[in-house]
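Heavy-atom basis, side chains included; hydrogens, waters and symmetry copies ignored. This one's a predicted model, so the numbers in the text were calculated from it and none came from an experiment. Below, chains carry the letters A, B, ... as their sequence lines are ordered, and counting in each starts from 1.
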Amino acid sequence: MIQIHTAKGEKASYFNEREHQICLMARLIEDGKTYWVAGGGSPMASILLAKKLYAPNAVYVTEDGVLAPEPVLPFDPIMTMVSSRAGYRALQWGTMNSIGFHAQMGYMDYGILNTLQVDPYGNINSTLLGDYESGEFRRFGGPGGADSIASLCWRTILMTDHQKRKFVPRVDFISSPGFLDGSEGARERAGLPRGTGPYLVLTPWALFDYEDRYLRLIGISPFVTLEQVLAEMSFRPKMADQLLTLETPTEEELTLLRTEIDPRGQVTITGDIGRWIMRREDGSFGPADEVEARGGDPNLPRSW
Amino acid sequence: MIQIHTAKGEKASYFNEREHQICLMARLIEDGKTYWVAGGGSPMASILLAKKLYAPNAVYVTEDGVLAPEPVLPFDPIMTMVSSRAGYRALQWGTMNSIGFHAQMGYMDYGILNTLQVDPYGNINSTLLGDYESGEFRRFGGPGGADSIASLCWRTILMTDHQKRKFVPRVDFISSPGFLDGSEGARERAGLPRGTGPYLVLTPWALFDYEDRYLRLIGISPFVTLEQVLAEMSFRPKMADQLLTLETPTEEELTLLRTEIDPRGQVTITGDIGRWIMRREDGSFGPADEVEARGGDPNLPRSW
Amino acid sequence: MARELEVLAEGQGEYHRVDPDGFREWVRDHKQRAMVPKLMSAKEAVERFVQDGDYIVYECNYIQRGPAALIREIIRQGKKDLWVGAKFTWVDVALLVEAGCASKLDVGFFLFGPVVDRAVKEGRVKIYEYSNVVMTNRIKAGAMGLPFIPVRSFGGTDGFKYSGAKLIKDPYTGQPITIVPALNPDVALIHVHQADIYGNARVFGTGISDVESALASRKVIISTEEIVDTEEIRNNPGITAIPYYCVDAVVHLPFGAYPGEMAGRYASDVEHVVEVVGATMRGFVRQYLDKWVYSAQDHFEMLDKLVGWRKLQEMVQRATIKEGYLP
Amino acid sequence: MARELEVLAEGQGEYHRVDPDGFREWVRDHKQRAMVPKLMSAKEAVERFVQDGDYIVYECNYIQRGPAALIREIIRQGKKDLWVGAKFTWVDVALLVEAGCASKLDVGFFLFGPVVDRAVKEGRVKIYEYSNVVMTNRIKAGAMGLPFIPVRSFGGTDGFKYSGAKLIKDPYTGQPITIVPALNPDVALIHVHQADIYGNARVFGTGISDVESALASRKVIISTEEIVDTEEIRNNPGITAIPYYCVDAVVHLPFGAYPGEMAGRYASDVEHVVEVVGATMRGFVRQYLDKWVYSAQDHFEMLDKLVGWRKLQEMVQRATIKEGYLP
């Protein structure tokens, strides 16, 4: 059973879907475990928030081999990795090779990733949309460290947007391995370490785990309906017997996120952050237009 | 053609065969090249002497990954490696793995080794005398770093005593590879790097190189005859057309060796150091008994 | 004997030639084992040690401690047909492609955009698929003098198909395992905090695979913020990252990582970085190159004319974190 | 597919089980990923983390920075059937064999003598043949999470025949290449200059394969000259050699390398070392153990009763070389 930390204090009245997703992810972080966090962005924001509120003894490492830093926040506008602020007061500075080998030896409990596309077996595409062989595609940057994170950590957690084009029956390109064709032992037959694989997928609308290596819906956000969730997927997931309701952010979470972790809004304002949501006094939800500005700098690119 | 540095200054009147061998080896050190030196003992004494007199830009590394130290002499009584005196003012401290990989990549020009036994193909035994399978043997410590030095350096130089039991038609155990069965390409067929192998063997009495991967006598010391040299070998080496005469030590060489490099005599007094030799005014040689004491401590074990 | 050892699957991608014995011979014949001074200008280093068609590696360029000035010099000199080990790279691939310098990429990760997209679609650039860690593992294998190395990742991906990887039956466990070809690049470009004139170099902070790249590459160009005396190197042998004998050129390039950060010394030029990321994402790379690379004869002229002392000074002042970045 | 990949030759030696997936599961189930204090006595550490039959590694014992006090504790506790990774070892193998602790040796190198000779001939000790570097390469492979690693040495030797090595046809070059099984020891014993109570450890100077051994081993006991605060570790992350999460026990053992040297802190006790080398070479190991190991209840009693403050102080004063051994 998935453990979710309980958020304390007042619920926030206004938030956007990205903020909601990050706060949820923070509540899913298990204390005292190791996390290999891909790049920066939402995964990094989530672990930082978790360490402040729910999992002070969670340990994270970055692709460039920084072990358990106490970073100076906010990060530099572009650089969430490699920079001196990101690596500040780590326990050890290693390299991509050294951290990769640590993960290869089983030292990393969880990996947290972003992705372009995911399929029912948790395979991840960050390479291209279209057809590789014919050359008819839109290309992206490649797996980066995601392939290793998805291969070597014990459990892979995916953060993605809840869109039909992201949840596809078959990813256009397996950049990083999920359960591959979904058959038992498929990962092991491909040379990957035994007992690893996809664990959760979290979108702003829904939380999934896997049953027999197939995506299963286990929770939805209170501001969407089950119909909406399923309508924005190109395949039908398995369904848990009981669906969790995913709690919306608290004021405390959002304050930390907006003032300490991402004050420039490079994760939570710039780019595709979903809708703004209003939480009414009675606990119901509605759309909110153009909520009070948070001072994000529109000239800054999205964090990576 | 082998290059031998010319020793300058007055020839020494009294020396022992070990001292003679070390001074000869020092004159064989090529300036500006890298040497991987096994353990301590004669190979280490030779490179240290060479750097003082003949090859100031020769670079040596040790098994524990010390690159180009400026050691504090003399070494500690037991420790020629790993210790702080041995690693002093190196350019880099690595590990046995790192230096092994450097050698594996071709960065080490020469290796210098001691051995128990050598055969006509330059195979080296430091494991046992006797028969491995039957258990009828006297066991020694094993190859240590010698196998890697003999495998990975471009050219292997062996220092050993001139004794019938050391020069054998077939070593009892190949601890470190020479030319194996002597056939062309035998090393490469065994997975060893192309173009490597035995280069010289130096005893207190004689110098050998290889012709078509078979040991060839190319020089003898002036205090022994060719007959003596051949009588103390269990096989007949090839013979060079002209035999070099191996010059005996100079006063300067011996002074450095005795006062700076090995003042306790752990390499040049303790253990099997061969005979003491007297060089007469007329340049002829004779035996010398119990020459003036050099102050070696008989309680100290031989250096390794 | 000759027991079978099955190859279960093989990628079909072209890969840089695996030749550990040839690499050893290169080392023997070209690397200086004596300590000889190697100080030279960026122009001379790139002219002498980067040839058209070379496989080049570098990392974190325009981010932190990247060899930014050396990459700009390669662009100025119009090198052609470079094969880029594009692991942990960023905007620089687009710069090299727009400048016509690169024609093959082993990916990794980099910041895509219209320029590279067009070049790939027009066949001017070929891509082979790996991941960042698989690439650094390949370089690690190269830095160990090996022909290949096993990895526990990458299996089952589509990237595998377009790579040089193979899936074999492990002769020890009997289980399937992926092996990848070692990578011995032709050229490594590495920016460091301190080096002596022989190439003994110190690096402070994390990195990706700098040390491995230095050891694994046939030609190694070090650019350094500061030249230190060899006596200083000898005072602390434990912090020497790169030994002199794998280095071919030492270039003294203060602010050589500009516009990226140099941890402990200067912060990044945020405006510049935002500009180049924008140019990459929107396809205005030519304009960026005209403004920042071709307009200056060298790194020093660029700093003088286009950046200025005031900006550099401000970058230095913003580098307030020193812990761990000083010898 | 299923192309053939020939195995050209195989050694016939027993080797420690190759099981990278099993090692991963051990790590997951036994290694603490949270920072928990691990400070304990040598007695407790050896009782808890060294079992009869374990494969143990350590290095440079009685030479420099060796885990001498931990080895003596193993002897005191009378552990049995240890399999020793005897690379860059010295007198300690004879001590372990005389004490009845060791029954298998992967060699490497060590100081032979009558005690081990007799044990081998009587079948009480089995020897498998490697070399120092092949052994450290095996541990390196273990520390990379791999089942095997290629090596360019060891081929053609007789040692190969009595080892776990194999000669295969390299699928990339077509040439023969030796592969050796990765080594994941059960126990690593490592003496360090500084560690915090969680196991984050600093080592100054050269070593053989300490860091690799720490990563590769199922159980890791660190003994340290000095306990430092974690804040101190965080002030210089670049010099952390061993991260806490592979460490199981931290034992504060000042003079823990005695009678060997601890570079930068104390010189060796030459008399003691001469005594133990003599005992090893002449076969008087039992007498040595009676005098120096069994006669004292623990390391501190040995220092107090048999060494004394004056001698320790003198060893400290002789350690005049400090360069590179301080943070």
Side-chain angles (χ1 to χ4, degrees), chain B residues 29-36 51 55-62 64-72 82 84 86-110 148 151-155 185 187-189 191-197, chain C residues 19-37 139-147 149 182-184 195-203 211-218 220 228-247:
Chain B
I29 299 292
E30 191 178 349
D31 203 19
K33 297 293 182 183
T34 39
Y35 286 79
W36 194 359
K51 282 185 67 68
N57 303 308
V59 168
Y60 77 89
V61 301
T62 58
D64 54 321
V66 173
L67 169 59
E70 293 176 349
V72 181
V82 188
S84 57
Y88 190 56
R89 294 178 61 70
L91 291 175
Q92 187 178 35
W93 287 333
T95 65
M96 173 157 268
N97 271 328
S98 70
I99 209 67
F101 293 134
H102 292 196
Q104 200 153 264
M105 302 187 72
Y107 281 103
M108 293 302 133
D109 293 305
Y110 292 94
S148 306
S151 297
L152 304 175
C153 296
W154 287 102
R155 293 168 161 183
R187 284 175 67 92
E188 289 78 358
R189 283 193 300 279
L192 302 176
R194 185 168 67 210
T196 54
Chain C
D19 182 15
D21 278 339
F23 183 85
R24 285 178 55 91
E25 285 158 7
W26 175 276
V27 166
R28 183 189 59 193
D29 299 339
H30 293 86
K31 297 276 188 185
Q32 295 280 356
R33 265 87 73 215
M35 302 257 281
V36 294
I139 295 170
K140 179 81 185 168
M144 295 162 108
L146 302 178
I149 193 167
L183 179 55
N184 288 109
D196 71 9
I197 59 171
Y198 308 107
N200 294 296
R202 290 171 170 177
V203 168
V211 174
E212 297 91 319
S213 297
L215 286 164
S217 298
R218 292 189 175 217
V220 175
V228 296
D229 200 276
T230 303
E231 293 303 296
E232 167 68 15
I233 298 287
R234 289 192 184 276
N235 277 336
N236 202 346
I239 62 169
T240 308
I242 297 171
Y244 76 94
Y245 52 44
C246 59
V247 175

Heavy-atom pair of closest approach, residues [X] and [Y]:
X: Val27(C); Y: Gly106(B); result: CG1-O, 3.3 Å
X: Arg24(C); Y: Leu152(B); result: NH2-O, 2.8 Å
X: Glu25(C); Y: Arg194(B); result: OE2-NE, 2.9 Å

Heavy-atom cut-off 4.5 Å, strictly under: side chain, backbone, both or neither for [X] against chain B?
X: Ile242(C); value: backbone
X: Asn184(C); value: side chain
X: Met35(C); value: side chain

- Message: Just to verify, what does Tyr107(B) make a ring-ring contact (aromatic ring centres under 6.0 Å, His included) with, not counting sequence neighbours?
- Response: Tyr245(C)
What part of [X] is in contact with chain C, defined as an atom under 4.5 angstrom from a non-hydrogen atom: side chain, backbone, both or neither?
X: Leu91(B); result: both
X: Ser98(B); result: neither
X: Ala58(B); result: neither

- Message: Nearest 0.5 angstrom please: Asn57(B) CG to Gln32(C) CD, how far?
- Response: 11.0 Å
- Message: Could you measure the distance from the CZ atom of Phe101(B) to the NZ atom of Lys140(C)? Nearest 0.5 Å is fine.
- Response: 6.5 Å
- Task: May I ask you to name which of Lys33(B), Glu70(B), Met108(B) has the most heavy-atom pairs under 4.5 Å with chain C?
- Result: Glu70(B)
- Task: Go through Pro20(C), Gly142(C), Ala143(C) and name the one with the most non-hydrogen pairs under 4.5 angstrom from chain B.
- Result: Ala143(C)
- Message: For chain B, which candidate among Pro237(C), Gly145(C), Gly238(C), Gly22(C) shows the most heavy-atom pairs at distances under 4.5 Å?
- Response: Pro237(C)
- Query: Given the rule in the side chain to side chain contact (heavy atoms under 4.5 Å, CB included) test, do Leu215(C) and His102(B) qualify, once you have shown the distances and angles that lead to the verdict?
  - Reply: CA-CA 8 Å; Leu215(C) 286 164; His102(B) 292 196; 3.6 Å; yes
- When you look at Tyr244(C) and Gln92(B), which way does the side chain to side chain contact (heavy atoms under 4.5 Å, CB included) test go after all the steps? CA-CA 9 Å; Tyr244(C) 76 94; Gln92(B) 187 178 35; over 6 Å; no
- Decide side chain to side chain contact (heavy atoms under 4.5 Å, CB included) for Gln104(B) and Leu146(C); before the verdict, give the C-alpha distance in whole Å, the side-chain angles of both, and the deciding distance to 0.1 Å. CA-CA 8 Å; Gln104(B) 200 153 264; Leu146(C) 302 178; 3.3 Å; yes
- Minimum side-chain heavy-atom gap Asp21(C)-Glu188(B) below 4.5 Å: no
